[in-house]
2 protein chains.
Amino acid sequence: MREKNASKDLLEKNIAGEITLSEKPGKALRKWREIFGITQKNLAKTLKISPSVLSDYESGRRRSPGAEFIKRYVLALVAQDRRKEGGITGKIPETAKSGAVLDIREFIKPMTGRAFLKYVNGRIIADEGDLDKKIYGYTVIDSIKAILELSDTQFPQIYGLNNQRALIFTKVHMGRSPMIAIKVTKPKPVLVIFHGVAPSEVDKLAVKIAEAEKIPLIISLTENEEKLVEDLKKIEA
Amino acid sequence: MREKNASKDLLEKNIAGEITLSEKPGKALRKWREIFGITQKNLAKTLKISPSVLSDYESGRRRSPGAEFIKRYVLALVAQDRRKEGGITGKIPETAKSGAVLDIREFIKPMTGRAFLKYVNGRIIADEGDLDKKIYGYTVIDSIKAILELSDTQFPQIYGLNNQRALIFTKVHMGRSPMIAIKVTKPKPVLVIFHGVAPSEVDKLAVKIAEAEKIPLIISLTENEEKLVEDLKKIEA
DNA sequence: ACGTCAAATCGTCGAATGTCGATTTATGTG
DNA sequence: CACATAAATCGACATTCGACGATTTGACGT
């Protein structure tokens, strides 16, 4: 009597729903393909269609993909991810829903990104932006849960009262999904911090996005998630 | 600083996702239209298209509606519901996610539906089926949360080890959604019980479905949800 | 600077969508 | 029973999808 994983269907449904409701379905298609780290060519092979079809969608020549197409697309993405080691889906716990946002705070008086570094035991990975820019608060996000729960419309809500803030992602796998999420949403953080991934394991695409967006990318080396949140609470006593 | 309701987007995304991933999108379109209690003609007017278009989709002549169409469809449904008094969406609380299934149990030895009645203080609403059929367990479901969380693929999971059971829905508004959900899924309960709605307020369509499916429909008059669950625990000590 | 691989572009074409309107077929309700 | 009203059915037709393959453009590694 095997146990069924409820998150599974949830993930697929969320993705499909987001694509369908998206202003530009093509953008959403691309977003998810990138999050899963699959190339157009590769995915095209799985779907047994020509890569140009995918490109045509993503770039907007075809603007309203049919339900059938979206379904095959999403199912292929997820199935392919499930098949390989270290995929997104493997990280999703069966239980534990809700609570993607672990903490959210505003500072009374702002501090620079550089000053913020020591609270998270941070190591700089990308710094095309400006670490001396002021930040006015931070948000800690469980990146795994965020995949399931937040997206598109909800994502901007993690910015509190102001968007001059640091976004801290925990349980980061490679950093691909968080960075792509940031890439495609409007308000952008001043600083991004990953926790749970080794500096050497950070996804290259993630770094590239950080550089392109001019957002400094930091890896926190704090022992664990709990301590990280603890340490952050010490700011501005 | 107006508060944003996160469930809102969630609901729409869930519906859109379900339609998109559905084996037969047309069936899903119909399901949700019926749940929201809107006629084809009415909805067609809102969408500024001919009613036959909707019929064509629902009956399957057009099998793969485009993202654009689905989006307009879902948005129209939800918007229209939000506009009117006593709609589905008004019932959805902003907070409180997860936990649609309040209780689930299997009996050691089966009992008849009629015997089950007294545990829920039940009043018979429809009885084209057989109240003397044996039931082997029950599942208590928060019908509001079920709309958001369960659907299609997840729904069958509320049947425990056996499907010869009673499904008890709490926080029932008119009983439309639960009955339609039952109508469109494969394993069907032997008995359906509503809690939270007055016998006179039960949706006519719901009753009709119950009769057509030959599933006895009962209204529980137990004071409140908590007591209902309590009382049920007393079965087969 | 060259080669490679991913992605973008674009012309083309059959099939399916998206839409109407007219006509039937239920399904009630007085 | 007959008349509204909802829904199903169907022929018609313009638009777009869904798909291919050839050709550019873009990034990156060496």
Side-chain angles (χ1 to χ4, degrees), chain A residues 19-20 22 24-77 80 128 176 180 183 203-212, chain B residues 19-20 22 24-27 29-74 76-77 80 176 180 183 203-209 211-212:
Chain A
I19 292 170
T20 307
S22 171
K24 293 198 169 75
K27 295 280 182 210
L29 288 172
R30 162 173 287 136
K31 169 182 158 184
W32 285 104
R33 181 178 58 77
E34 288 181 338
I35 284 180
F36 281 99
I38 300 176
T39 77
Q40 285 183 352
K41 191 199 279 202
N42 192 335
L43 185 56
K45 188 156 61 177
T46 304
L47 288 169
K48 294 218 259 279
I49 58 175
S50 160
S52 68
V53 176
L54 297 178
S55 182
D56 280 346
Y57 274 118
E58 294 186 2
S59 61
R61 184 152 85 130
R62 293 288 160 342
R63 71 195 64 162
S64 178
E68 182 65 32
F69 184 87
I70 297 174
K71 182 176 153 198
R72 281 199 295 145
Y73 190 97
V74 174
L75 261 32
L77 271 187
Q80 198 158 323
E128 291 292 317
R176 191 171 217 136
I180 288 174
K183 177 186 159 198
D203 182 68
K204 280 198 300 179
L205 181 57
V207 176
K208 197 155 39 158
I209 294 173
E211 288 166 350
Chain B
I19 292 170
T20 307
S22 170
K24 293 201 169 77
K27 295 279 181 213
L29 288 171
R30 162 172 286 136
K31 168 181 159 185
W32 285 103
R33 181 178 59 76
E34 288 182 338
I35 284 179
F36 280 98
I38 300 176
T39 77
Q40 285 183 351
K41 191 198 280 202
N42 192 336
L43 184 57
K45 188 155 62 176
T46 304
L47 288 169
K48 293 218 260 281
I49 57 174
S50 161
S52 68
V53 176
L54 297 177
S55 181
D56 280 346
Y57 275 118
E58 294 185 1
S59 60
R61 184 153 84 131
R62 292 292 169 319
R63 72 193 62 165
S64 179
E68 182 66 31
F69 183 88
I70 297 174
K71 182 176 150 196
R72 283 199 292 146
Y73 190 96
V74 174
L77 270 187
Q80 198 157 323
R176 193 174 215 132
I180 288 174
K183 177 186 158 196
D203 182 68
K204 280 199 300 180
L205 181 57
V207 177
K208 196 154 40 156
I209 294 173
E211 287 166 350

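- Rounding to whole angstrom units, NZ of residue B/Lys41 and P of D/dA8 are separated by 14 Å.
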Produce a footprint string for nucleotides 14-27 of chain C: one letter per nucleotide, 5' end first; B if the base is under 4.0 Å from any protein heavy atom, S if only the sugar-phosphate is, - if neither. ---BBBBB------
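- One finds a side-chain N or O of A/Gln40 lying less than 4.0 angstrom from the OP1 or OP2 phosphate oxygen of C/dA8.
- Rounded to an integer number of Å, the gap from CG of A/Leu43 to P of C/dA7 is 10 Å.
- The phosphate of C/dT29 (OP1 or OP2) has a side-chain N or O of B/Lys204 nearer than 4.0 angstrom.
- Rounded to an integer number of Å, the gap from CD of A/Glu58 to C1' of D/dG18 is 15 Å.
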Can you list the steps and then say if A/Leu54 with A/Tyr73 is a side-chain contact (heavy atoms from CB on, under 4.5 Å)? CA-CA 10 Å; A/Leu54 297 178; A/Tyr73 190 97; 3.7 Å; yes
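- When all heavy atoms are compared, the tightest approach of A/Arg176 to A/Ile35 is CD-O, 3.6 Å.
- In the displayed structure, A/Arg63 atom CZ is contacted under 6.0 Å by at most 12 heavy atoms of other residues, nucleotides or ligands.
- Within the nucleic acid shown, B/Ser55 comes within 4.0 Å of at least one base atom, counting heavy atoms only.
- For B/Leu54 and D/dA8, the CG to P distance is 10 Å, given to the nearest whole Å.
- Whole-Å rounding puts the B/Leu29 CG to D/dA8 C1' distance at 16 Å.
- For the pair A/Arg72 and A/Leu75, the minimum side-chain heavy-atom distance is 4.5 Å or more.
- Taking all atoms of both residues into account, the shortest heavy-atom contact from B/Ser50 to B/Ala44 is C-CB, 3.9 Å.
- In this structure, B/Thr20 and A/Ile19 have side chains that are not in contact, with every pair of non-hydrogen atoms separated by 4.5 Å or more.
- Within the structure, every side-chain polar atom (N or O) of A/Arg30 is placed at least 4.0 Å from both OP1 and OP2 of C/dA7.
- In this structure, A/Tyr73 places its OH atom 16 Å from P of D/dC17, rounding to the nearest Å.
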